[in-house]
Amino acid sequence: MTAGSPDLKAFLLATPFFGGLSDTSLDLLISMLVERQFEAGAAIVAEGEPGRSMFIVKSGRLAVSKQANAGGIIPLSALEPGDFFGEMTLIEMQNRSATVVAESETVLYELTAQKLYACYKADIHAYVIVLQNINRELCRRLRRADNRITGHQAGD
């Protein structure tokens with residue numbers, strides 16, 4: 001998929017991050033993405049390191065984990081095409097909250113905080129939609145985490 005291709009646009013519009021964007025706004029954001037490729041086993045981000053970008057998974061599978069207080073590693077989730085991660089550093093400007101490792105060859109689209117700010121300056125409507133999409137996804141993740149903590153299933 002090349003930048004601006006119909007396949008890329010369809011893929012991105014189907015992700016929670018880009019849903020609801022106009023064609024013009026989507027083109028603007030696509031122009032801001034950088035494609036990154038990683039081999040299986042590569043650490044994409046590490047818990048505690050500074051972060052100023054987020055990623056959308058184009059292909060591959062990634063594992064998300066956190067360091068336990070007792071020193072072990074706690075698996076949190078798996079990421080697949082269409083998922084995104086790293087958005088928390090763009091919102092709260094804190095260090096990475098988890099480690100993400102490629103379980104297979106992986107292709108990601110990276111969006112930096114600087115590019116997101118450029119989106120804000122160029123297309124405030126697109127910026128608001130992107131932030132709404134990020135917030136919706138964060139709420140879904142919080143609900144899933146609440147359900148795991150309390151032992152409830154997602155549909156209960």
Side-chain angles (χ1 to χ4, degrees), residues 1 3-5 7-38 42-67 74-103 106-150 152 154-155:
M1 285 187 262
S5 76
D7 289 343
L8 177 58
K9 284 184 179 184
F11 167 75
L12 292 175
L13 281 172
T15 69
F17 185 79
F18 291 98
L21 289 170
S22 70
D23 202 48
T24 302
S25 295
L26 184 60
D27 286 340
L28 172 67
L29 280 160
I30 287 173
S31 74
M32 296 177 173
L33 298 175
V34 175
E35 187 175 287
R36 305 273 188 215
Q37 298 182 13
F38 298 90
I44 312 305
V45 299
E47 182 178 354
E49 75 180 8
R52 297 298 291 144
S53 64
M54 62 163 292
F55 300 88
I56 300 102
V57 182
K58 177 182 176 186
S59 64
R61 183 172 168 88
L62 302 106
V64 182
S65 63
K66 280 188 75 65
Q67 185 82 29
I74 301 172
L76 297 178
S77 65
L79 300 171
E80 296 180 335
D83 291 332
F84 61 87
F85 64 96
E87 72 289 336
M88 288 170 51
T89 64
L90 300 184
I91 294 172
E92 64 177 352
M93 293 183 272
Q94 298 290 319
N95 290 344
R96 300 282 184 193
S97 65
T99 296
V100 179
V101 175
E103 292 185 330
T106 300
V107 178
L108 305 172
Y109 292 113
E110 183 177 22
L111 179 65
T112 65
Q114 184 178 11
K115 294 291 186 177
L116 188 59
Y117 182 71
C119 173
Y120 164 77
K121 299 293 272 183
D123 186 346
I124 188 74
H125 184 68
Y127 178 80
V128 168
I129 289 173
V130 165
L131 287 186
Q132 283 179 315
N133 289 342
I134 288 172
N135 287 324
R136 284 186 189 107
E137 182 63 20
L138 290 173
C139 288
R140 283 190 286 269
R141 291 177 189 174
L142 181 58
R143 285 182 190 276
R144 284 194 304 267
D146 288 348
N147 287 336
R148 274 189 296 222
I149 291 167
T150 60
H152 291 99

Undergrad: Side chain to side chain contact (heavy atoms under 4.5 Å, CB included) between Y109 and L8: does it pass, once the steps are laid out?
TA: CA-CA 11 Å; Y109 292 113; L8 177 58; 3.2 Å; yes

Undergrad: Do I91 and L138 pass the side chain to side chain contact (heavy atoms under 4.5 Å, CB included) test, and can you show the C-alpha distance, the side-chain angles, and the key distance before you say yes or no?
TA: CA-CA 11 Å; I91 294 172; L138 290 173; 3.8 Å; yes

Undergrad: Parallel, tilted or perpendicular: which describes the rings of F55 and F85, with under 30° parallel and over 60° perpendicular?
TA: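 Ring orientation, 0 to 90° scale: parallel.
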
Undergrad: When you look at R136 and N133, which way does the side-chain hydrogen bond (donor to acceptor under 3.5 Å, both in side chains) test go after all the steps?
TA: CA-CA 5 Å; R136 284 186 189 107; N133 289 342; 3.2 Å; yes

Undergrad: With no hydrogens and no angle check, is any side-chain donor or acceptor of E47 less than 3.5 Å from a backbone partner on Q67?
TA: yes

Undergrad: Can you measure from CG (L33) to CG (L28) and round to the nearest 0.5 angstrom?
TA: 10.0 Å

Undergrad: Heavy-atom count check: over 12 atoms from other residues, nucleotides or ligands less than 6.0 Å from E92 CD?
TA: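 Counting neighbours around CD of E92, more than 12 heavy atoms of other residues, nucleotides or ligands fall under 6.0 Å, so yes.
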
Undergrad: For a quick test of reading the model, state the closest non-hydrogen atom pair linking E80 to D83 and the distance between them.
TA: N-OD2, 2.8 Å

Undergrad: Go through it in stages, so that I can follow the logic: the residues are L111 and M54, the test is side chain to side chain contact (heavy atoms under 4.5 Å, CB included), and I'd like the CA-CA distance, side-chain angles, deciding distance and then a yes or no.
TA: CA-CA 5 Å; L111 179 65; M54 62 163 292; 4.1 Å; yes

Undergrad: Got a second to check how far L116's CG is from S53's OG, nearest 0.5 Å?
TA: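 Going from CG on L116 over to OG on S53, the span is 11.0 Å.
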
Undergrad: Do you know which two heavy atoms are closest between M88 and S97, and how far apart they sit?
TA: CE-OG, 3.7 Å

Undergrad: Could you tell me the separation between the CZ atom of R143 and the CG atom of D146, rounded to the nearest 0.5 Å?
TA: 8.0 Å

Undergrad: From D7 CG over to L12 CG, what is the distance, rounded to the nearest 0.5 angstrom?
TA: 11.0 Å

Undergrad: Measure across P50 and N95 and return the closest heavy-atom pair with its distance rounded to 0.1 Å.
TA: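 Taking every non-hydrogen atom into account, CA-OD1, 3.4 Å.
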
Undergrad: For residues F11 and G82, report the shortest heavy-atom separation together with the two atoms involved.
TA: CZ-N, 3.7 Å

Undergrad: Any side-chain heavy atom of R144 within less than 4.5 Å of one from S77?
TA: no

Undergrad: Do R141 and F84 meet the cation-pi criteria used here (NZ or CZ under 6.0 Å from the six-membered ring centre, within 45° of the axis)?
TA: yes

Undergrad: Quick check: closest heavy atoms across S25 and D123, and the distance to 0.1 Å?
TA: OG-OD2, 2.6 Å

Undergrad: For residues C119 and L29, determine if any side-chain heavy atom of one lies less than 4.5 Å from a side-chain heavy atom of the other.
TA: yes

Undergrad: Search all heavy atoms of L13 against all heavy atoms of L26 and return the closest pair with its distance.
TA: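 The answer is CG-CD2, 3.5 Å.
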
Undergrad: In Å and rounded to the nearest 0.5 Å, what is the CD to CZ distance from E87 to F17?
TA: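 CZ of F17 is found 8.5 Å from CD of E87.
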
Undergrad: List the steps, then state whether side chain to side chain contact (heavy atoms under 4.5 Å, CB included) holds for T89 with R96.
TA: CA-CA 6 Å; T89 64; R96 300 282 184 193; 3.5 Å; yes

Undergrad: Can you measure from CD (Q132) to CD1 (I134) and round to the nearest 0.5 angstrom?
TA: 11.0 Å

